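Quantities reported herein were computed from a predicted structural model and do not represent experimental measurements.
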Amino acid sequence: MKQCSDSLSHDLIIQGLMIMLVGVSLVRGHRLGPADDELYQRTTVSVMQKEAGGGAVVYSYSPRGFNISGNKVFGPCAVLPPAVLQWNVGCHADITVESLSLFYLLEPRIEVLVLGTGARTERLDPNVLNFLKKKGIAVEVQDTPNACATFNFLSSERRLAAAGLIPPPAVE
């Protein structure tokens, strides 16, 4: 019994020391009350300057073209960080090193190029993909609906992204 009470008193002494050591840092000089809560409820935020535009956004696509940031673009288009341009390709087979030159000549260099190849994901010439890789540009080749979503996501993340989009054909 003596051993049990010695162990118990030892534990109480250790707990008391811990309370003394830790208790000092846990004591607050001021407790929040109802009046303090009212002060926090009146907090306001004023936006002094709105952030510059987050880049182009593809709102919709159709067999005729795209709605990009409220602008209608007919046919294939190149969406670049500063602009939206007509892109002179008819189908995925027309995507060559030459047709992609506007993407790799940009300064500052884009990080990711998203290519929408129409209704389905098409294989591109491996030489074209290797050429862009050597230029330090990652390439995502997808069907156009997914390419639009990927481009929008990358833009929302403030990545230096561009897109080459071919409208999907009409579904019959």
Side-chain angles (χ1 to χ4, degrees), residues 28 32 34 36-172:
R28 289 188 182 168
L32 297 177
D36 293 322
D37 191 39
E38 290 174 17
L39 292 173
Y40 293 120
Q41 289 177 2
R42 285 186 255 151
T43 302
T44 60
V45 175
S46 298
V47 177
M48 301 302 283
Q49 180 178 3
K50 290 189 178 182
E51 197 171 326
V57 176
V58 181
Y59 288 130
S60 63
Y61 57 87
S62 72
R64 295 182 53 183
F66 303 89
N67 180 341
I68 300 174
S69 299
N71 299 305
K72 291 183 181 176
V73 182
F74 295 100
C77 65
V79 186
L80 308 165
V84 178
L85 306 170
Q86 296 277 278
W87 190 29
N88 194 20
V89 297
C91 68
H92 74 281
D94 297 331
I95 299 175
T96 62
V97 170
E98 292 79 27
S99 70
L100 295 173
S101 63
L102 63 133
F103 296 107
Y104 64 80
L105 293 175
L106 283 176
E107 285 297 330
R109 188 166 311 279
I110 60 172
E111 298 172 27
V112 182
L113 173 60
V114 181
L115 295 172
T117 57
R120 54 182 228 181
T121 303
E122 301 287 350
R123 289 186 159 271
L124 298 184
D125 181 358
N127 295 325
V128 172
L129 299 175
N130 287 333
F131 179 81
L132 290 172
K133 185 177 179 180
K134 287 178 186 172
K135 292 284 186 182
I137 300 172
V139 181
E140 287 289 328
V141 180
Q142 301 174 329
D143 60 284
T144 297
N146 285 314
C148 291
T150 300
F151 174 77
N152 287 344
F153 175 76
L154 291 170
S155 291
S156 73
E157 293 279 314
R158 304 237 182 258
R159 301 281 303 272
L160 284 174
L165 303 172
I166 299 171
V171 178
E172 296 181 26

Output for pair (L124 CG, I95 CD1), nearest 0.5 Å, gives 5.0 Å

Are more than 12 heavy atoms from other residues, nucleotides or ligands located less than 6.0 Å from atom CZ of R109?
yes

message = Strictly distance-based, threshold 3.5 Å: is any side-chain N or O of Q86 a donor or acceptor partner for the main-chain N or O of F74?
response = yes

Looking only at heavy atoms, the pair that brings P167 and S62 closest together is CB-O, 3.3 Å

Between H92 and I166, the two heavy atoms sitting closest are N-CD1, 3.8 Å

The reported gap from CZ in R159 to CZ in F153 (rounded to nearest 0.5 angstrom) is 8.5 Å

N152 (side chain) donor-acceptor with V58 (main chain) under 3.5 angstrom: yes

Scanning both residues in full, the closest heavy-atom pair of P145 with G118 reads CD-O, 3.9 Å

Quick note, ring pair (Phe, Tyr, Trp, His ring centres under 6.0 Å) partners involving residues 93-113, not counting sequence neighbours, are W87-F103, Y104-F131

Heavy atoms from other residues, nucleotides or ligands near CG of N88 exceed 12 (cutoff 6.0 Å):
no

For this session: Please lay out, stage by stage, how L113 and L100 fare under the test side-chain contact (heavy atoms from CB on, under 4.5 Å).
Result: CA-CA 10 Å; L113 173 60; L100 295 173; 4.0 Å; yes

Pair Q142, T150: side-chain N/O donor-acceptor within cut-off below 3.5 Å
yes

Worksheet entry | Donor on one side chain, acceptor on other, N146 and D143, under 3.5 Å | yes

Item to complete: May I ask you to decide if V57's main-chain N or O and S69's side chain share a donor-acceptor pair within less than 3.5 Å?
Response: yes

Here the pair of heavy atoms bringing L80 nearest to L102 is CD1-CD1, 3.8 Å

Hey, does V97 have a side-chain heavy atom less than 4.5 Å from the side chain of D125? no

### Task
Would you sort out whether I68 and Y59 count as a side-chain contact (heavy atoms from CB on, under 4.5 Å), showing the intermediate values?
CA-CA 6 Å; I68 300 174; Y59 288 130; over 6 Å; no

Note: A162 and P81 closest approach over all heavy atoms is CB-CD, 4.4 Å

Determine, stepwise, if the pair V73 / L85 fulfils side-chain contact (heavy atoms from CB on, under 4.5 Å). CA-CA 8 Å; V73 182; L85 306 170; over 6 Å; no

Do the non-hydrogen side-chain atoms of P126 and L129 ever get within less than 4.5 Å of each other?
-> no

d(C77 SG, Y61 OH) to nearest 0.5 Å is 13.5 Å

### Task
Would you indicate whether the side-chain heavy atoms of V114 and L154 approach each other to under 4.5 Å?
yes

Output for pair (I110 CD1, K135 NZ), nearest 0.5 Å, gives 12.0 Å

Sorted by chain and residue number, the salt bridge (charged side-chain N to carboxylate O under 4.0 Å, His left out) partners of E122 (sequence neighbours excluded) come out as R120

Begin from the C-alpha positions of T144 and C148 and carry the test side-chain contact (heavy atoms from CB on, under 4.5 Å) through to its verdict.
CA-CA 6 Å; T144 297; C148 291; 4.0 Å; yes

The side chain to side chain contact (heavy atoms under 4.5 Å, CB included) partners of D94 (sequence neighbours excluded) come to V89, C91

